[in-house]
Every structure is written in structure tokens, then in C-alpha cells.
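These notes are about the structure you will find just below.
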Amino acid sequence: MSNDDLERSVADELYWDPKVDNGAIAVSAEDGMVTLRGTVGSFRQKREATHDAERIFGVKSVSNDLKVRILNQDRRDDAELRGDVLQALMLDGLVPSTIDAKADDGVVTLTGTANWQFERDEAEFVAANILGVISVDDEIDLVPPAPSTGDVKHSIKKAMERNAKLDADSVSVDSSDGGTVTLKGTVSSWSDHDEAFDAAWAAPGVTDVKDHILVAY
């Protein structure tokens, strides 16, 4: 696929997504590397734009340089924004009560502890959807149970083998003391990449995932 064709495909996908206002988004592509520039009205739109681009066949990486520009009527002071974020986190059953938040000029920082990566992901997703947020910094510490290094590697490989969407042989898994997992290999789509990445984070005891998976077409 040529650079022009890839740019058009990504632009069409952004236009197709009703959650994204694509009017002020410029798309450029070079050898499978896509860059998004321009402005959007919310942090959620910025995140959705990345997901839209990654869905396109031929995209190897996405650099999201979009700026979030909050309209004056949607701007919030720090105390009000923090209160809304905390309320939303409290109402979400997947977010543990050990997670806290602070706000500074539209930037929300999440702190505290969680036992699982999906809890951190959920907290970040919830915070990103609050009106007035321009970015989210995730500083939540993972404090998971600690199985043996061999158990972590084995459980991740078995999860990959069970996944019908993923060729488990294309991704190698290494684990070390402290819960760090390293993924290496080459997959044929971002969907396969994400499946492998999610399988690693789902394993008990994982505190960090080093992503060295290449997407090649």
C-alpha cells in the first residue's frame, strides 16, 4: 500500500467513527508509520483516533500528536475536575478504592495501588472520559500476587495458545524476578499485537511488560 493510499484509509476510518470529529485532523504516512496532527475537543477523541488508525491494514505504528483543546464553557477548575474523576472512579466496579486522582490545569494524575493491570486500564479509561480532561498520567503502582517466574511464562504462553486470533509461535515470552515480562516476535496486525500484549498483562504477578513485538505485513 502506498503512503497516499494509507493516508486515505486512515482518514476514511476517522471520518467513519462518529466518536471522533475528524475535521481538524491531518494524517500523514511514511512506510507504514502514521502521524496524526491537529486538534480535537476531548482527550477521549484523541485516544479513539489512535485506535482508529491502528485498525487499518498496513499501519505499523501510530504517532499521535493531536492537541486537546477544551472549549471555554467546558473548562473546569482543578477541584471540580478532581471531584468528577473521583466520583466516576468510585461508581466503576472494576476500579479499586485504593486509586486516587489529582487534577492540574486539565491534566489528571492517577495514583495509588492496584492488583491487576486491567484495573489500571479501567481507571485511565474512566478518567479520560471526563469532560475537561486533556491528558491522563497513570502513576498507579501494581501490587500483584507473586507466582514463580516459570509460572508466569507458562501461563502467558498457554493463554496465547488458547487464543484463536493469535499465532502463539510468533511471539516469545521471557519473564524475570520482579514480575517483568518481555515479548518478542513478529505479528501480522495490530490486533494480533494487542492480543499478545493483553495476554501478558492478564497473568498473575506481572508488574511490567516490555513490548518488542514488530508488526509486519
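As a basis for the values below, the full set of heavy atoms in this structure was taken, side chains included, without hydrogen atoms, waters or symmetry mates.
The shortest side-chain heavy-atom distance between V107 and D137 falls under the 4.5 Å cut-off. With a 4.5 Å cut-off on side-chain heavy atoms, K153 and D174 count as touching.
Panel note: side chain E119, backbone W116; a donor-acceptor pair is recorded below 3.5 Å. Remark: the backbone N or O of V143 is paired with a side-chain donor or acceptor of N115 at under 3.5 angstrom. Using modelled atom types, one side-chain atom of N64 and one backbone atom of K46 make a donor-acceptor pair closer than 3.5 Å. Between the E7 side chain and the A29 main chain, a donor and an acceptor come within less than 3.5 Å of each other. A donor-acceptor pair under 3.5 Å links the side-chain atoms of D78 to the main chain of D105, judged by distance alone.
Shown here are the side chain to side chain contact (heavy atoms under 4.5 Å, CB included) partners of E13, two or more places apart in sequence or in another chain: D52, R55, I56. For K102, the side chain to side chain donor-acceptor pair (under 3.5 Å) criterion is met by no residue, not counting sequence neighbours. Applying the salt bridge (Lys or Arg N to Asp or Glu O under 4.0 Å) test to E161 and every residue at least two apart in sequence or in another chain returns K158.
Listed by first and then second residue, the side-chain hydrogen bond (donor to acceptor under 3.5 Å, both in side chains) pairs involving residues 120-129 are R47-E124, Q117-R120, Q117-D121 (not counting sequence neighbours). A side-chain hydrogen bond (donor to acceptor under 3.5 Å, both in side chains) check over residues 23-33, counting only residues at least two apart or in different chains, returns the pairs S28-R37.
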Distance-only donor-acceptor hits, side chain of residues 185-195, under 3.5 Å, sequence neighbours excluded:
residue	atom	partner	partner atom	Å
S188	OG	D192	OD2	3.3
S189	OG	S191	N	3.4
S189	OG	D192	N	3.1
W190	NE1	V59	O	2.8
W190	NE1	K60	O	3.2
H193	NE2	D211	OD1	3.4
H193	NE2	D211	OD2	2.5
E195	OE1	N163	ND2	2.7

